[in-house]
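Throughout, protein chains are lettered first and strands after them, A, B, ... in sequence-line order, and every chain is numbered starting at 1.
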Amino acid sequence: MSGLVFDIAHMFAGGLVLVSMMMLYQDRLYALLNVFALHSMVLTLSVAWQAFVQDAPHLYVTAAIALVFKAVIIPVALHRMIRQLGIHREIETVVGIGPTMLAGIGLVALAMVVMLRVTPEANPLAREDLAFALSVLLLGLLVMVTRRNAVSQVVGFMSLENGLVLAATGAKGMPLVVEISVAFSILIAFIVIGVFLFRIRERFDTVDVRALDDFKGRRRK
Amino acid sequence: MTPAVVMLLCATAFLGTAILAILAARSDRATQVIYGTSLVVSSIAVATALVQLVAAISPTSASTLTLPLGLPWLGAHFRLDALAAFFLVVINFGGALASLYGLGYGHHEHAPQRVLPFFPAFLAGMNLVVLADDAFTFLLSWEFMSLASWALVMAHHRAAGNRNAGYLYIVMASFGTLALLLAFGLLAGPEGSYDFAVMRATEQTSSTAGIVLVLLLLGAGSKAGLVPLHVWLPLAHPAAPSHVSALMSGVMTKVAVYGFIRVVFDLLGTPAAWSSVVVLLFGGATAVLGILHALMEKDLKRLLAYSTIENIGVIFVSLGLALAFAANGMGLAAALALTAALFHVLNHSFFKSLLFFGAGAVLVATGERDMEKLGGLIHRMPFTSFAFLVGCVAISALPPLNGFASEWLAFQAVLQSPELPQWGLKIIIPAIGGLLALSAALTAACFVKAFGVTFLGRPRTLVAGQAREVDRLSLAAMFVLAALCLLAGILPGIVMDGLAPVTLSLIGARMPVQMGVPWLSIVPITETRSSYNGLLVFLFTAFSASLTAYLVHRFASRALRRAPAWDCGFPEADPATQYTAGSFAQPIRRVFGTLAFQARERVDMPAPGDLRPARLAVVSRDLIWDGLYVPIAGAVGFIAEKLNHLQFLTIRRYLSLVFLALVVLLLVLALWS
């Protein structure tokens, strides 16, 4: 039984990493949002499985929060926002897809090496989970770094938070307070960044963060 | 109520006065009320500390108190032992007289709301530093003291150069606090025990002790004005109002000395012999360079500030001697050197406050600090002149005044050096003694110049000719200090016996009891080696001087006739033809300045037939400023310039920097083992 338990948890966590990799090569905003919704779905499943395995009912709450907020409300809201803003659908990636994917593979390998080396005594389930969570986190950062568009940076940031939730639920005995605070921090970040986007829209008529640099002024010398 | 509670209540009363001053600074009577309250509170504090110092049951007894303030797991510890009591006497006595002086001097302040709130706050900060018994409280009070004094330096922020002085001061003060923070961090060890009692009980390894000593020299030294960390002092001390200058020079530098003694003698345990060499060298360099700078100065208050640096050098030399003797288990000699240092602390607080009060009186009467624009004040300000003269004689270490007594003790300690086992110390200490003697002689020259150019001769400007004597309260403060300079000089035995509990608690030894010696002499080691009797010297000096004065008056006064002076054929001798501060210092500048300041004289002689005047220009450089501070400032500016473009990156680039940093750290972690 424990072998099966382990394999299923492994599958979900690995699935999360896979979806993160999928995010790297999306060059349309709507597609990116759909992949993010899928990302949050996989997170929900993973957290629910952890709740079942660890016999920790409070994790179901976390799973529900992930499902409702991240898989439904936030993607829908961002869809609406993109439509309202009428921003162009093309994502301007800074680095090409090939190098980005290679960098992503390198980051996953790095996360594995680091985590498996520093946690030799930990419970294997938590250990694998942590390694995958770190991969998801690094890939989320990579998404943020390789995009110019503010909305896709927000998405990258939220996938990063998904990685944090994965890490938090993988370790046994985390109190519920932590998960709720993590979920709410994402919500707050979403609200803040949403407001931020509308302000950019009012001021600069674009959601391209390069506009901010124009506002800040060129290098003074 | 234990003495510690009384002292803390006094500190609280100072803080309350500061708040009162903020509320009432613009009212007419604020000056009297605030300085009056400070005077009363400081007097109570002096009395409490004196009682604790003299009447404590045993020298190692201490009055402690822990309050639930500050860090939650630590609390605020306060402790009043013999060392703290002595320094509290110095601080609050200086505070009381500065308040008394301020009662008169404060009326001339054009913006009292910039001075009144910070004056009591400054006193509270200094009291709390000395009372603190854990590192957190100590550093907090230390910063409070620095900031309050910085606000006082910036009181006249519109005057030229004062903002620059304030900036330099706050930078150096922050640097000093950083060094102290690191020192206490090392002392606290990995467990983070910031309580002084725990530090005292722990035995430090020799490398830790060495680093702590160096950090203390940087931290306390930058506040005290040790060369080469002294650059802010001659700018900041004169910038404050005069009674605050007196407090900063006479008292705050002593708080820095207290911090050094507390850590090095009390918390660090037995010192290593080499550590004394560092202290001795810095002290000797400070003494000589400080007084050389003072000699070149023509601004009266800045001259006094430079002379403070010299005195700090003397104190640190004595402390270095005490370290050397204590490291070799020579208890009596160590007690002698430490007594000399503490005695000089007390004396310097007396005469430096007196001299700054005098400079303040001159400033009030004439509006001038530049000695080249003064002169002849002895006729218009006879009382100020007399008090200032007493201060000059005392600081020049002339018997029978107090400066001589403490410097004589320091030289007695130097003479003990042949009994040290280390050859290096045997050679270095007499050399440092030579530096000390040189600086003592230069001090005398410096204060002959200060007094002579300011008070004697003819007035060089109109304002100097129209000066008036200052108010009675200011004069009272000066005369109390002058009387104490004399008393401490002719009865040094009382002070030395009063200091015995301090040396006993710090190095476990004391000097022989002096009050039992017949005729009020002092005998530091044994009768056969040396003894000094201030009272006899005083009586002899007074008698012979009176006799001479009488004889001169008896036989010469009647024969006096006033006639035009021989003026070498020039009609109408201008006051500008008198000896000036610059001309007085010229021989010494030629001897030492060529080396110490790279001073060069350039004569610009016009060709025959050319009608412009010949000019003699003196160019001198401050080698420490040019050699140390200018490169540091240049390096900081260079790095800032290079990093400046980091301010103008895109958000994505900032994120990339964070990301790269994270990846690099993870890579390091992955490749580490």
With a 4.5 angstrom heavy-atom cut-off, could you sort out which part of B:L667 is near chain A: side chain, backbone, both or neither?
both
So, taking the atom named CG in B:L662 and the one named CG in A:L134, what distance separates them when rounded to the nearest 0.5 Å?
7.5 Å
If you compare all heavy atoms of B:L655 against all heavy atoms of A:M144, which two are closest, and at what distance to 0.1 Å?
CD1-CE, 3.9 Å
Measure across B:F659 and A:L138 and return the closest heavy-atom pair with its distance rounded to 0.1 Å.
CE1-O, 3.6 Å
State whether the number of non-hydrogen atoms from other residues, nucleotides or ligands found under 6.0 Å of A:M41 atom CE is greater than 12.
no
If you count heavy atoms of other groups shown closer than 6.0 angstrom to CZ of B:R653, is the number above 12?
no
Examine whether an atom of A:L116 lies under 4.5 Å from a heavy atom of chain B, and if so say whether it belongs to the side chain, the backbone or both; otherwise answer neither.
neither
Is there a side-chain contact between B:V663 and A:L141 (heavy atoms, below 4.5 Å)?
no
